[in-house]
Protein chains: 2
Amino acid sequence: MVETPRRREIEDVASDLFREHGYAATSVRDIARALDIQGASLYAHVASKEDVLWAIVDRAATRFEAAAAAADARAAADGPGDHVARLDALVRTHVAAIAEDVDAAGVFLGEWRSLGPDRRAVILERRDAYERRLRDLIADGMATGAFRMTDPAVATTFVLGALNAIAGWYHQDGRLSPDRIADHAAGFVVSALTDGPT
Amino acid sequence: MVETPRRREIEDVASDLFREHGYAATSVRDIARALDIQGASLYAHVASKEDVLWAIVDRAATRFEAAAAAADARAAADGPGDHVARLDALVRTHVAAIAEDVDAAGVFLGEWRSLGPDRRAVILERRDAYERRLRDLIADGMATGAFRMTDPAVATTFVLGALNAIAGWYHQDGRLSPDRIADHAAGFVVSALTDGPT
DNA sequence: CCTACCGATCGGTAGG
DNA sequence: CCTACCGATCGGTAGG
């Protein structure tokens with residue numbers, strides 16, 4: 001299915017509603033009303049309600065994956081062995097990925113439970129892969145002494161928990177720009193994983 | 001309404017289902033089936049589906065509030081001016097409050113959107129009050145030099161994000177005991193907010 | 001706690 | 001994109 005402009009409009013409106021009320025509490029009529037069309041008319045553009053959720057979640061997941069790849073590229077230019085720089089880069093691109101589309105990020109992070117079994121499994125595996133990437137970086141940094149020793153798996157969930165919480169409060173017209181938030185996030189995470197000033 | 005044993009049983013089963021599938025995606029028949037009774041029979045014990053959600057959320061919120069009070073008492077015994085000790089105590093009681101009933105904590109943290117407007121407002125105000133408490137502690141610690149200088153409001157959301165993520169992965173029969181998780185959480189948070197070893 | 005039932009709303013289809 | 005419609009399921013009530 002091609003991504004027509006109208007189709008994208010539907011997904012954006014749905015992201016907002018799913019984020020605000022949750023997928024199950026949002027009816028296809030709610031989505032249609034926000035677009036000023038009839039509920040049944042939505043099916044001229046989408047095959048099912050779950051397909052809309054999937055499109056949002058899949059696109060958000062892809063954005064996070066691209067962010068991680070971009071962070072790798074950025075850090076590799078600086079120096080491959082610098083774990084602090086690599087973590088700093090990953091945190092910043094992660095925050096940017098959230099801020100780029102908060103609604104979609106929030107839906108991705110909070111509504112994957114509403115996917116059918118197959119898609120749910122796919123998205124969980126992609127989340128796991130992303131998490132493994134961060135965990136490996138943290139574990140490697142501990143092994144080289146860049147980070148203080150602690151449980152890498154637990155530290156990873158703390159880091160992602162702190163970062164993903166941003167999707168719960170960030171607003172485009174808020175006090176802080178995405179870059180400023182990324183500054184704070186990078187400072188927080190690096191400080192949490194290092195023992196003292198370098 | 002008094003809290004009969006059966007009523008509590010209903011709430012526990014509902015916590016599990018709401019946590020796994022979300023409030024809106026869980027029908028009263030789902031809850032009844034888990035208790036081996038008919039859907040309509042549930043109404044011999046509860047007035048509405050939302051009342052069940054409210055009971056779970058209200059109890060969990062009360063538990064977090066009690067945890068904060070306990071942390072205050074514990075830290076006051078040590079010494080009132082020690083912000084690191086106060087933060088350490090608050091983190092530990094917060095983690096304990098999550099582990100005490102993960103399902104209810106998860107519902108409290110993730111399903112308050114499903115409450116009606118009035119109850120939603122009440123629970124948001126109680127969450128805000130809890131958050132203010134932590135933010136004030138962090139801001140005071142920055143003013144006295146115990147914590148590194150950064151934005152207290154943002155730091156607070158990072159701390160709560162990291163801690164509340166525990167509700168997403170903690171299991172009673174997991175690798176780590178609540179106390180060990182609390183150790184890691186306290187180490188992570190204190191390290192994030194301090195500049196180096198004391 | 002059960003059986004029998006209710007109106008409302010759900011996601012989705014047919015046919016234009 | 002609309003009107004008209006469908007079967008299924010929803011939360012909840014009546015009466016025992």
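Residue numbers start from 1 in every chain, and the chains themselves are labelled A, B, ... in the order their sequence lines are given, proteins ahead of strands.
The CD atom of A:Gln38 sits 5 Å away from the P atom of D:dC2 (whole-angstrom rounding). As a whole-Å value, the separation of A:Leu17 CG from C:dG11 P is 12 Å. The distance between atom CG of B:Asp30 and atom C1' of D:dT9, rounded to the nearest whole Å, is 11 Å. A:Lys49 has its NZ atom 15 Å from the P atom of C:dT9, to the nearest Å. When the C1' atom of C:dT9 is taken as reference, atom CZ of A:Arg33 falls 12 Å away, rounded to whole Å. Distance OH (A:Tyr43) to C1' (C:dG11): 4 Å, rounded to an integer number of Å. When rounded to the nearest whole Å, the span between CG of B:Leu35 and P of C:dC1 equals 8 Å. The separation between A:Leu42 atom CG and C:dG12 atom P is 10 Å, rounded to whole Å.
If B:Ile37 and A:Ala40 are placed on DNA chain C by their nearest nucleotide, the residue sitting closer to the 5' end is B:Ile37. With the nearest nucleotide of DNA chain D identified for both A:Gly39 and B:Ser27, A:Gly39 has the one nearer the 5' end.
B:Arg86 has no carboxylate O lying under 4.0 Å from a charged side-chain N of B:Asp82, or vice versa, which leaves the two without a salt bridge. A salt bridge links A:Asp12 with A:Arg8: the distance from a Lys NZ or Arg NE/NH1/NH2 to an Asp or Glu carboxylate oxygen falls below 4.0 Å.
Remark: D:dG15 base-pairs with C:dC2. Criterion, Watson-Crick or G-U wobble with two distances under 3.5 Å. Pair check for D:dC10 finds C:dG7; Watson-Crick or G-U wobble, both atom distances under 3.5 Å.
Within a 6.0 Å radius of CZ in B:Arg180, no more than 12 heavy atoms belonging to other residues, nucleotides or ligands are found.
Checking side-chain atoms of B:Thr157 against main-chain N and O of A:Ala162 turns up no donor-acceptor pair under 3.5 Å.
At C:dG12, none of the side-chain N or O atoms of A:Arg29 fall inside 4.0 Å of OP1 or OP2 (strictly under the cut-off).
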